[in-house]
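Working notes, structure below.
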Amino acid sequence: MFHIHQGNRLETLTDSLAACLRRPLRSPLAHEIIVTQSNGMARWLSLQLANRLGICANLDFQFPATFLWEISRA
């Protein structure tokens, strides 16, 4: 499912993302795709999610252009 979260507080956005990630996917081998604007943001987000959820695994962080390219190919 495609979710868009907007805001100006990173902590609030991270809490919203953690709530979405708590719900399991249909397949245990499927991965979540998270679109970020930089590698630094992806690293910070993975650390924050690990802090909130206890683990941060099987996430695919992509840049917006890569994400759009993947969607257009599919």
Side-chain angles (χ1 to χ4, degrees):
M1 181 162 292
F2 186 72
H3 298 277
I4 295 177
H5 296 269
Q6 297 177 352
N8 57 358
R9 302 268 316 161
L10 289 178
E11 295 81 13
T12 306
L13 291 171
T14 305
D15 290 337
S16 296
L17 179 58
C20 287
L21 293 176
R22 282 191 179 96
R23 286 176 265 147
L25 296 174
R26 291 182 184 169
S27 170
L29 299 178
H31 61 276
E32 295 276 1
I33 298 173
I34 300 173
V35 180
T36 59
Q37 63 185 2
S38 68
N39 286 332
M41 179 57 69
R43 180 68 178 152
W44 180 86
L45 191 55
S46 66
L47 292 172
Q48 293 299 314
L49 289 172
N51 189 26
R52 284 171 173 75
L53 301 173
I55 189 169
C56 180
N58 210 16
L59 299 179
D60 183 15
F61 292 98
Q62 293 183 355
F63 293 130
T66 306
F67 177 71
L68 292 174
W69 178 256
E70 293 288 329
I71 286 180
S72 66
R73 278 189 10 199

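Computed from heavy atoms alone, side chains included, the values below leave out hydrogens, waters and symmetry copies.
In this structure, L25 is not a member of the same hydrophobic cluster as F2, with clusters built from ILVMFWY side-chain heavy atoms closer than 4.5 Å. Hydrophobic cluster membership is shared by W44 and L53, with clusters built from Ile, Leu, Val, Met, Phe, Trp and Tyr side chains linked at under 4.5 angstrom. In the hydrophobic cluster analysis, where Ile, Leu, Val, Met, Phe, Trp and Tyr join through side-chain heavy atoms closer than 4.5 angstrom, L10 is grouped together with L21. Hydrophobic cluster membership differs between I4 and I34, with clusters built from Ile, Leu, Val, Met, Phe, Trp and Tyr side chains linked at under 4.5 angstrom.
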### Query
Should C20 and E32 be marked as a side-chain contact (heavy atoms from CB on, under 4.5 Å) after you check the CA-CA gap, both sets of side-chain angles, and the distance that decides it?
CA-CA 10 Å; C20 287; E32 295 276 1; over 6 Å; no
### Message
Checking L45 against L17 for the side-chain contact (heavy atoms from CB on, under 4.5 Å) test, could you report, in this order, the C-alpha distance in whole Å, the side-chain angles of both residues, the deciding distance, and whether it holds?
### Response
CA-CA 10 Å; L45 191 55; L17 179 58; 3.8 Å; yes
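Annotation: W69, atom CH2; neighbour count of heavy atoms from other residues, nucleotides and ligands within 6.0 Å does not exceed 12. Counting heavy atoms of neighbouring residues, nucleotides and ligands inside a 6.0 Å radius, atom CZ of R9 does not exceed 12 of them. With a 6.0 Å radius and a threshold of 12 heavy atoms from other residues, nucleotides or ligands, Q37 has its CD atom at or below the threshold.
Here I71 contributes atom CD1 and T66 contributes atom OG1; the two are 11.5 Å apart, rounded to the nearest 0.5 Å. Atom CD1 of residue I33 and atom CG of residue L59 lie 10.5 Å apart, to the nearest 0.5 angstrom. Atom SG in C56 sits 9.0 Å away from atom CZ in R43 (nearest 0.5 Å).
Between A30 and N58 the shortest heavy-atom distance is O-ND2, 2.7 Å. In plain terms, the two heavy atoms of F63 and V35 that are nearest each other are C-CG1, 4.1 Å. Taking all atoms of both residues into account, the shortest heavy-atom contact from R52 to R22 is O-NH2, 3.7 Å. Minimum interatomic distance between H31 and D60 (heavy atoms only, all atoms of both residues): CD2-CB, 3.5 Å.
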